[in-house]
Amino acid sequence: MTDALLNPLLSLNADAMPQLLALGFGAPWMLWGMAAGTIPVVIHLLNKRKYRQTQWAAMRFLLAALRKNKRRIELEQWILLAIRTLLVLLLILAMSRPVLESLAPALFAGQRSHRVLVLDGSMSMTRKLTDQTRFERAKSLARQIVKEARRGDVLSLILMADPPKVIVGEPSPNLEQVGREIDLIQATQGGTDLTATFASLRRVLESSPLPNKEVLFLTDLQRATWARPGSDNSAALKLEVDKLNAAKIRPVLIDLGASSEPNTAVINLSITSPVVTMGVPVNLRAQVRNFTTQSKPSARVRLYVDGQLGPEQSVDLPVGEPVTINFTYIFRDAGDHVFEAVIDDDPLGADDRRRLVVPVKEKLRILLVDGDLKPEPFAAETDYLAQALSPAESLQAADPATPNSATAAPSDTGLPPIALEVIPESRLNSVEVGLYDVIMMANVSQPSIPEAAALDKYVRQGGGLVIFTGDRVSPEGWNSRLAVAERDLLPAMIGQSIGDAVKKTGAFLIDPLGYRHPLVTAYEGANPSVLSGLTQVATLQYHKLIRPPESTARVALAFDSGDPAVIEVSKGRGRVVMIATSADSQWTTWPLHPSYPVVMGEMALLAASGRTGEKNSLVGEPIEQAYPASAGTATVALRTPDKGTRELALKVDSESSYLRIDPPDVSGLYEAEIGPPLSRREKFAVNVPVVESDPARVEASALKESVPGFDPVVIKSAEELTKAAEDVARRGEIHRPLLIAVLALILLETLMAWWIGRRVVRVSTT
Amino acid sequence: MESEKNKGFDASHGPKGSETEVITPNDYLDPQNLAKLQGLDLVARRAVEGYVSGLHKSPYHGFSVEFAEHREYAPGDDIRHVDWKVWSKTDKLYLKLYEEETNLLTYLLLDTSQSMEYASEGNVSKLMYAKMVAASLAYLVLHQSDAVGLSTFDSRVVRALKPSGQASQLKEIINLMNQAPGREKTNLTTVFHDLAERSKRRGLIVVLSDLFDDPDRVVAGLKHFRHRRHDVVVMHVLDPAELSFPFRQTTEFKGLEGLGDVQVDPLTIRQAYQAEIQNFIEAIKRGCRVADIDYLPLMTDQNLAVPISAYLRARQSGRKVG
């Protein structure tokens with residue numbers, strides 16, 4: 001445990017000694033009594049000085065006996081003296097109440113201490129046990145520990161969550177208040193951030209001047225918390241654990257969990273179309289999973305749309321395999337709709353229900369930014385693009401002062417109704433980008449610095465950005481503003497131009513890369529004449545797109561030269577797609593091929609798909625939604641899943657107004673009523689992290705591997721603590737065996753003294 | 001002789017002088033009680049008469065063998081002394097009268113060396129006990145009309161009194177014993193050889209000593225008496241504490257006879273000490289047996305009847321006491 005407990009008399013150095021051997025003392029002052037170990041020696045010496053005298057006639061026999069037995073007598077005397085001295089020393093040692101440190105680190109009743117309780121507040125802790133949830137159990141244990149704290153102890157309280165919450169940071173000597181805080185504390189329905197929890201723990205420990213510190217974890221040891229696979233900050237976690245170890249604090253972990261607990265959960269809800277518009281049938285998809293070791297036949301899954309019960313299905317749930325349920329639905333109104341899937345109740349209730357907010361649009365709003373806007377038909381850079389996305393659109397998009405705006409009915413390509421707006425490059429900075437679902441930039445030389453910032457924010461909040469190159473594009477300008485470390489929006493750096501469209505030195509064909517990317521999956525298995533519409537596209541010139549190493553960007557199509565033709569990446573909630581060549585026919589014949597409207601439509605949908613994402617988040621993630629700057633600081637009435645209402649206000653930054661809801665702890669539907677001038681109603685679905693549904697545990701023995709360096713004393717069951725807290729306090733106390741040893745020595749001493757004195761011979765004279 | 005034999009023993013003259021306590025003859029043989037009496041002559045008388053009153057048969061009877069004359073029987077005479085030969089011839093009862101004879105010499109050899117002065121708590125010293133025994137035996141011998149002599153010795157013969165059957169001899173012996181405080185170390189070999197040379201006339205040698213010397217040398221000395229054809233009775237006087245070694249506390253033993261002092265925890269050494277003294281006693285006994293010497297161990301807490309009866313047996317049979 002801590003240095004303070006190590007007695008200076010024994011000077012067991014915690015650095016040099018394994019912790020197992022460290023000794024602490026309940027009554028260290030008793031060790032001064034070790035001086036009493038000299039008593040038998042003193043008595044022995046006094047005895048030698050104090051003797052009677054007697055005349056003795058049979059001296060010759062006494063002398064002879066002494067001469068023959070001198071060594072034996074001395075040996076016996078020494079043994080007896082040693083036994084007596086040891087007896088006194090052991091007695092004193094027992095009275096000083098020694099404790100083996102490693103066994104009684106946390107609740108050892110010794111000096112004043114700073115005790116930090118860390119409660120696991122993850123979703124898995126909300127599992128119902130017989131009469132209370134596991135978290136309530138943890139709370140009652142925590143209360144008990146607080147109640148049993150000694151006068152002068154100070155306490156802190158941390159809730160392990162994502163992010164962790166420091167409930168009582170300043171070490172509090174007010175045990176009652178800490179007890180009240182424990183009463184108020186609630187488990188979240190989210191996961192945990194172990195690294196951040198350890199960091200908080202370290203800060204809390206550092207805040208107290210008391211040298212004696214104890215840390216007590218109350219957790220179910222769920223794997224999602226303690227051994228999250230693929231956790232990318234294991235180095236940071238190890239650093240924090242090392243700091244804890246460096247402070248020589250050995251935590252105690254009360255394992256409240258149990259193995260093989262059943263659980264079924266709705267693990268995913270999705271819509272197959274990236275963008276949902278009114279009147280278009282969409283496929284709603286729910287996935288449920290059985291985390292138990294036994295398959296579960298005929299589990300009932302109910303699907304709701306906007307609170308109305310849709311189809312109810314009975315499915316067999318095999319072990320470990322997700323089961324998908326599909327459901328086609330046509331939304332009739334625009335706005336946020338809630339799709340909900342519910343599976344039969346089980347002890348872990350929070351994940352038996354999942355919601356998806358589907359923003360249904362009247363039409364998809366696309367902004368075309370033209371870097372080479374010309375009045376003649378098909379002379380402007382975006383004319384083919386506008387035609388492809390909205391075939392009904394006439395070619396009147398000529399007047400740069402009045403941008404074209406048109407709505408098309410759903411086309412044969414399955415595209416939703418699209419509202420197009422075309423503006424010249426120069427007007428981009430005056431447009432409220434947040435109003436559009438997708439922004440397509442064609443042959444724009446370079447974004448200005450504020451434009452670059454606006455685009456970056458737009459994408460990260462869920463917008464879609466599509467960038468075509470062309471002869472006016474300045475690779476340097478794009479790269480320096482949107483492909484740098486502090487703002488890496490682009491999926492690839494724009495490199496030099498390849499080929500020559502003027503001299504027509506040679507053409508590059510498109511390599512569909514096996515039609516694996518969603519943009520072109522529709523072509524897979526199509527007949528050759530259809531395929532040729534894509535593969536026969538001849539590109540005379542393109543900009544080489546250089547994908548940074550370790551980038552998550554995906555190449556959808558490539559040129560037969562091997563360079564990427566279309567590359568796409570997710571950034572924040574939104575997406576960015578780059579096309580290496582021009583949007584018009586200046587550098588490529590693609591706009592003249594039948595594949596062009598198809599791929600461009602898919603591209604628009606893919607780019608717009610981030611708009612759905614912004615409505616759905618997980619517990620522990622903040623909710624953020626941008627609005628036009630005109631919304632100002634409108635008031636927001638937020639209804640939370642627990643039927644409470646909170647008053648908020650929109651926040652304003654340089655370009656826009658936005659709603660920010662702090663990371664919620666509870667899953668469910670959040671409804672925001674935004675006041676005038678915006679006057680909108682928005683819905684947000686907050687779901688539990690899927691990893692929390694998995695009841696798999698880390699065994700106490702494996703804890704050291706999953707959290708490197710973390711080696712707490714694991715108390716197996718809660719009963720161990722509830723039964724008798726004193727037992728825990730007494731763990732490692734060794735005065736009982738010492739007293740038994742003292743007793744044994746007393747017996748040995750008596751026996752030995754008797755044995756020495758017993759040897760009397762009956763001397764007979766007859 | 002007869003009158004002595006029938007002399008009753010007045011209980012009121014007992015050492016305690018109390019009418020309420022029942023006093024048995026044995027009380028008068030207890031060395032502690034005897035030690036309270038003034039004068040060894042009184043001790044001797046009390047002891048011997050106390051012993052005699054407990055016997056069925058008079059020890060004074062029939063030691064004289066020389067016939068003197070006949071006397072006519074009168075009622076009350078002991079019919080054992082009737083001369084039946086005369087009766088068969090004359091049909092008259094005559095008694096045979098005998099002449100007393102004092103032809104047995106008893107030499108008492110008393111060790112007065114320092115080691116004999118040891119007395120454990122509650123007991124008389126070995127020397128005192130030996131003196132009581134010597135006085136009692138002298139008294140007994142003189143009453144049997146035998147002659148008794150006494151020699152005291154330590155490393156040499158200190159004083160010697162020639163055997164005599166005179167009534168005053170007892171007083172002489174007691175006087176001599178009272179003048180003989182133990183001073184020197186025991187050196188039994190020289191003493192025994194010396195004494196053996198001095199006692200020319202054959203008789204009964206009674207040695208009263210703790211014999212604290214080398215056992216081989218002691219036996220060698222005793223053998224010299226046997227060589228002179230004396231009968232020898234070794235009365236080995238020991239204090240009970242010398243056998244049991246009853247000490248518990250750390251004790252400094254101050255050696256008598258200049259053997260130095262030693263401080264020791266008695267419990268640790270008791271067994272070894274007892275083994276030593278046992279070996280010593282065994283060696284003496286063995287030596288005596290081989291040399292046909294009567295050996296009699298005496299404890300200072302022992303009743304005086306033991307040495308007296310042992311003497312009487314030796315006197316009667318001429319052999320085998322121990």
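Letters A, B, ... mirror the listed sequences (proteins, then strands); counts begin at 1. Being a predicted model, the structure only gives us computed values, none of them experimental.
For the pair B/Gln274 and A/Phe61, the minimum side-chain heavy-atom distance is 4.5 Å or more. The shortest side-chain heavy-atom distance between A/Tyr51 and B/Phe253 does not fall under the 4.5 Å cut-off.
Per-residue heavy-atom pair counts under 4.5 Å with chain A were compared for B/Asp239, B/Ile269, B/Asp265, and the maximum is reached by B/Ile269. Among A/Asn69, A/Leu63, A/Leu66, the residue with the largest count of heavy-atom pairs under 4.5 Å with chain B is A/Leu66.
The distance from atom CD of B/Glu252 to atom CD of A/Gln55, rounded to the nearest 0.5 Å, is 10.5 Å. The distance from the OH atom of B/Tyr273 to the NZ atom of A/Lys68 is 13.5 Å, given to the nearest 0.5 Å.
Residues satisfying the salt bridge (charged side-chain N to carboxylate O under 4.0 Å, His left out) test with A/Lys70, not counting sequence neighbours, are A/Glu74. Every ring pair (Phe, Tyr, Trp, His ring centres under 6.0 Å) that B/His236 has, sequence neighbours left out, goes to B/Phe280, B/Tyr295.
Residue B/Tyr118 comes nearest to A/Ala57 through the heavy atom pair CB-CB, 3.7 Å, listed as atom of the first residue, atom of the second, then distance. Smallest separation of non-hydrogen atoms from B/Glu276 and A/Ala64: OE1-CB, 3.4 Å. Residues B/Glu242 and A/Trp56 approach most closely at CA-CH2, 3.9 Å, considering heavy atoms.
In this structure, chain A has heavy atoms under 4.5 Å from both the backbone and the side chain of B/Val262. Proximity to chain A is limited to the side chain of B/Gln249, based on heavy atoms less than 4.5 angstrom apart.
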